[in-house]
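Take a look at the structure below.
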There are 2 protein chains.
Amino acid sequence: MAEKEISKAVIARLPRYYRYLGELMEDGVERISSNDLSVRMKVTASQIRQDLNNFGGFGQQGYGYNVKYLYTEIAKILGIDRQHNIVIIGAGNLGQAIANYANFEKRGFLIKGMFDINPRLIGLVVRGIEIRSVDDLEQFVRDNDVQIAALTIPKTKAPEIADRLVSAGIKAIWNFAHTDLVVPDDVVVENVHLSESLMRLSYKVCSMQDKAEEEKAEREKGKS
Amino acid sequence: MAEKEISKAVIARLPRYYRYLGELMEDGVERISSNDLSVRMKVTASQIRQDLNNFGGFGQQGYGYNVKYLYTEIAKILGIDRQHNIVIIGAGNLGQAIANYANFEKRGFLIKGMFDINPRLIGLVVRGIEIRSVDDLEQFVRDNDVQIAALTIPKTKAPEIADRLVSAGIKAIWNFAHTDLVVPDDVVVENVHLSESLMRLSYKVCSMQDKAEEEKAEREKGKS
DNA sequence: TAGATTGTTAATCGATTAACAATC
DNA sequence: TAGATTGTTAATCGATTAACAATC
């Protein structure tokens, strides 16, 4: 029963659909057509229908999509209807920012523990979660059925910690360290490389500037 | 002189090339072939050559690429050889995490100011940067030639602040708020939607589990 | 029933990979 | 010169868009 592989691009778009559907629900909207949604989201209606039909027929001809139903179905596809136990390794600002993001719990992500090597942080409590020593990491992961680890530590420490997490049976790493981790095939990695994001922004700013200057030059040439 | 538009996918890969080249430099490697680099980065050599040739011929037949030269050329392309003045709006954990990330300065990103609405934060100093009231935002942006604003505030406040930034002449917004901003065509937005990243991770974990279960079922069927 | 809108097939577009002549 | 490796063209692959019959 080999299911057709879903493309990465489709998966990447699902959370955005989910967000828009959530907002529609809040606004009390009960149904929406692919066309109306495409206008709001600035994508094509065709793409929305193609994307959703990878997972099944959630709509109804002549009616559109039921917002609430589609919302819960996408949640199931993304697996955010189930509970995920998570630990945060690195209790600095970034680690604490993640710990403080309340909505994670609403989506089934339960922060079980935080870890650091800094003795001044160990013992502190953030949002009801005690910061522990990384020495206790493996034991804690095993004892608490932790599937996901958020890695908010410097890149120099990341490979070693990743190895230890893998040996403790972690299923996935949410990697904020500025390096690519090497893990076995059955361990999932999702990278958040903020410095790369900022460089992309830099590129966009510069090419926008270049464009503006070109247009200006064009106008002045026209004048002379 | 309409330059060929560079695809988004290519731009998205440049910072990663830059990172690998930086590491090669640190290791004292002077030159590298597209093939050797492709093995390290787990991409095809063809893609590397195609990507780079969007911007010019940086290599030499029979030799490969000079690491240092390519590194500086990519920096130019990304615009990280120039200085970018930046403000951070929202001085919570996430804003402070960004302020504390030292490498930004090395890449030409200079944090000029931080802003918050919380009176308890206003006046505090983070990494030598005073936290100011958002009341002073527009004036500060104009007076300090600020091009980029990092938005680390709740989504409810984001649209209003974005409007104010635009009216103050900002060129780009690095958006961490969980919403899509509406800005004029000549203002650039780079989104970092952490909750979406976590949902993608969730999907991957679940589909990996499904795969493992399938394989297990397959094995047991084989046995019986 | 008539109108609306999906699900799905076909057409187009773009991105990746392969191949190889050019050339260091 | 011979070997290596690029730059670039051509082939392939995949993703997006368009179109429309199916159907609520």
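The figures that follow rest on heavy atoms only: side chains count, while hydrogens, waters and symmetry mates do not. These numbers come from a predicted model, not from an experiment. By convention in this document, chain letters (A, B, ...) are assigned in the order of the sequence lines, proteins followed by strands, and residues within each chain are numbered from 1.
For R164(B) and E160(B), the salt-bridge test passes: some basic side-chain N is under 4.0 Å from an acidic carboxylate O. Taking the charged nitrogens against the carboxylate oxygens, E73(B) and K76(B) do have a contact shorter than 4.0 Å, which makes a salt bridge. Salt bridge present: R19(A) and E196(B) bring a charged side-chain N and a carboxylate O closer than 4.0 Å. Between E138(A) and R142(A) there is no salt bridge, since no side-chain nitrogen of the basic residue lies less than 4.0 Å from a carboxylate oxygen of the acidic one.
Every residue meeting the side-chain contact (heavy atoms from CB on, under 4.5 Å) condition with Q83(A), not counting sequence neighbours, appears here in chain and number order: N85(A), L110(A). With sequence neighbours left out, the salt bridge (Lys or Arg N to Asp or Glu O under 4.0 Å) criterion links R16(A) to D180(B). Take R49(A) and apply the salt bridge (Lys or Arg N to Asp or Glu O under 4.0 Å) test, not counting sequence neighbours, and it matches no residue. Every side-chain contact (heavy atoms from CB on, under 4.5 Å) that A9(B) has, sequence neighbours left out, goes to S7(B), R13(B). Looking at residues two or more places apart in sequence or on another chain, you find no ring pair (Phe, Tyr, Trp, His ring centres under 6.0 Å) involving Y20(A). Every residue two or more places apart in sequence or in another chain was checked for a ring pair (Phe, Tyr, Trp, His ring centres under 6.0 Å) with Y17(B), and none qualifies. By the ring pair (Phe, Tyr, Trp, His ring centres under 6.0 Å) test, F176(A) is found to be paired with W174(A), residues two or more places apart in sequence or in another chain being considered. Applying the ring pair (Phe, Tyr, Trp, His ring centres under 6.0 Å) rule to H193(A) yields no partners; only residues at least two apart in sequence or on another chain are considered.
Taking for each of K8(A) and I32(B) the nucleotide of DNA chain D with the nearest heavy atom, the 5'-most of the two is the partner of I32(B).
At the heavy-atom level, R13(B) lies under 4.0 Å from the strands shown only through sugar-phosphate atoms.
For DNA chain C, the neighbouring residues in residues 56-66 of chain A, judged by any heavy atom under 4.0 Å, are G57(A), F58(A), G59(A), Q60(A), Q61(A), G62(A), Y63(A), G64(A), Y65(A). Applying a 4.0 Å cut-off to non-hydrogen atoms, the residues of residues 33-52 of chain A that approach DNA chain D are T44(A), S46(A), Q47(A), R49(A), Q50(A), listed by residue number.
With a cutoff of under 4.0 Å to any heavy atom of chain B, the contacted region of DNA chain C is bounded 5' to 3' by dA15(C) to dC24(C).
In DNA chain C, consecutive stretches of 3 or more Watson-Crick or G-U wobble pairs with both distances under 3.5 Å are given as paired ranges: C:3-24 with D:3-24.
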Margin query: The test is side chain to side chain contact (heavy atoms under 4.5 Å, CB included); show your working for V188(B) and L201(A) and say whether it passes.
Written below: CA-CA 7 Å; V188(B) 159; L201(A) 182 65; 3.5 Å; yes
